[in-house]
Amino acid sequence: MNKIKIAVVAGDGIGPEVIESGKQVLNGVANLMGDLSVEFTDFPYGCDYYKKTGKMMDEDGLDKLQNFDAIYLGAVGSPGVPDNVSLGDLLLKIRRGFDQYINLRPVKLLKGAPCPLAGVKPEDIDMIVVRENSEGEYANVGARLYPNSPNEIALQTGIFSRHGCERVMRYAFEIARRENKSVTSISKGNALGYSMVFWDQIFNEVSKEYPDVETHTLLVDAAAMFFVKNPKRFQVVVTSNLFGDILTDLGAAIAGGMGLAAGANLNPEKKYPSMFEPIHGSAPDIAGKGLANPLAAIWSISQMLEFFGYEEWAKKIVSAIETLLVEKKTLTPDLGGTAKTEDIAPAILKILSN
Ligand code: GGG
């Protein structure tokens with residue numbers, strides 16, 4: 001019997017509701033599999049914790065999380081806590097601290113999912129975005145000078161290392177080679193003459209190691225346009241930390257909405273735990289009302305299973321989500337249904353049991 005030890009950081013707002021659904025699905029799947037046991041340990045980290053203790057997580061929080069195979073994260077952010085604190089002192093601290101340098105975000109239009117683009121079919125939107133997750137624009141290097149004076153200055157530096165660029169690009173190329181897909185690198189080398197020119201140069205170099213893989217390069221503004229006008233041209237996408245964050249929200253918008261967008265923060269070497277999350281935020285306006293869509297959180301369980309080598313069950317979960325979308329009987333209001341958050345996990349497990 002294989003065992004996965006999972007640290008649960010449900011976090012804020014709708015986080016606890018959607019994470020509860022994901023836990024139910026993983027427990028149910030483990031029962032169906034028969035050879036997997038899962039053990040969840042809850043951590044109270046998040047904005048409520050901050051309001052009580054002045055910290056988003058314990059000083060030694062990373063040491064505590066280090067002992068787990070995976071982290072299952074809900075959402076972070078709450079009115080009254082500055083967004084840079086809630087994100088920077090928890091989610092980003094974990095990503096950096098555990099060298100989760102790959103952020104894998106599928107942008108896949110499932111059958112039955114709403115798409116705002118006219119004439120677009122599910123087969124037209126099926127990409128995987130490989131977002132650099134440890135440096136770039138998110139490196140948090142900078143300064144504030146001359147506060148509260150007319151000369152006030154804010155500096156924010158992007159960090160693009162050869163090591164950081166090469167490893168994320170190779171990761172994208174490996175997926176593309178395995179799945180016989182093209183890689184599109186998205187940058188902004190015309191305007192960001194140091195960081196993004198460097199990114200483009202490294203992409204060109206790394207692409208020579210993969211002569212069998214078709215490549216494309218796009219400026220981020222053009223890429224945003226093509227996500228809407230011709231999403232079919234994208235298969236594997238590799239891009240920087242900030243561009244990846246923005247483009248995958250756009251990706252979510254064209255592929256069913258934020259309620260269906262999952263993300264995996266991976267340390268591929270498994271030296272540290274990887275973290276799995278719905279990419280949406282805490283949505284405090286709908287928290288506690290049973291309105292939140294837990295399908296993204298459930299999809300991220302599929303990503304977790306895939307990362308641990310259970311590809312068959314990972315696919316079955318995504319296929320169960322698709323069945324739910326096609327049947328249209330048990331969907332939350334964002335997808336046009338009347339079901340509550342708590343109705344979704346049992347419906348998914350029913351499909352998986354059939
Ligand atoms: N699901 C975690 C969460 O609350 N994410 C919100 C967010 O702002 N994420 C930014 C990022 O992924 O870089």
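Atom set for the values below is all heavy atoms of this structure, side chains included, hydrogens, waters and symmetry mates excluded. Predicted model only: the values in this text are computed from it and were never measured. Ligands are counted one by one from 1 in listed order, and the atoms in each one are counted from 1 as well.
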Open item on the list: According to ring-ring contact (aromatic ring centres under 6.0 Å, His included), who are the partners of F173, at least two apart in sequence or on a separate chain?
Closed with: F203, Y210
Show the distances, to 0.1 Å, for all pairs joining an N/O atom of ligand 1 and a protein N/O atom that are shorter than 3.5 Å, listing one pair per line.
unit_1   : atom_1 : unit_2 : atom_2 : d
ligand 1 : 1 (N)  : G74    : O      : 2.9
ligand 1 : 1 (N)  : E277   : OE1    : 3.0
ligand 1 : 1 (N)  : P278   : O      : 2.6
ligand 1 : 1 (N)  : H280   : O      : 2.9
ligand 1 : 4 (O)  : V76    : N      : 2.9
ligand 1 : 4 (O)  : H280   : O      : 3.4
ligand 1 : 12 (O) : R95    : NH1    : 3.4
ligand 1 : 12 (O) : R95    : NH2    : 2.8
ligand 1 : 12 (O) : R105   : NH2    : 3.0
ligand 1 : 12 (O) : R131   : NH1    : 3.3
ligand 1 : 13 (O) : R95    : NH1    : 3.1
ligand 1 : 13 (O) : R131   : NH2    : 2.8
ligand 1 : 13 (O) : Y138   : OH     : 2.8

- [ ] Please determine, by modelled atom types, if N151 and S149 share a side-chain donor-acceptor pair under 3.5 angstrom.
- [x] no
- [ ] Say whether Y310 and N2, considering side chains only, have a donor N or O and an acceptor N or O under 3.5 Å apart.
- [x] yes
- [ ] State whether the side chain of T239 and the backbone N or O of I186 hold a donor-acceptor pair below 3.5 Å, judged by distance alone.
- [x] yes
Task: side-chain hydrogen bond (donor to acceptor under 3.5 Å, both in side chains): pairs with one or both residues in residues 192-202, sequence neighbours excluded - done: S185-W199, S187-D200, Q201-E205
Task: Residues that F227 engages under ring-ring contact (aromatic ring centres under 6.0 Å, His included), provided they are two or more places apart - done: F234
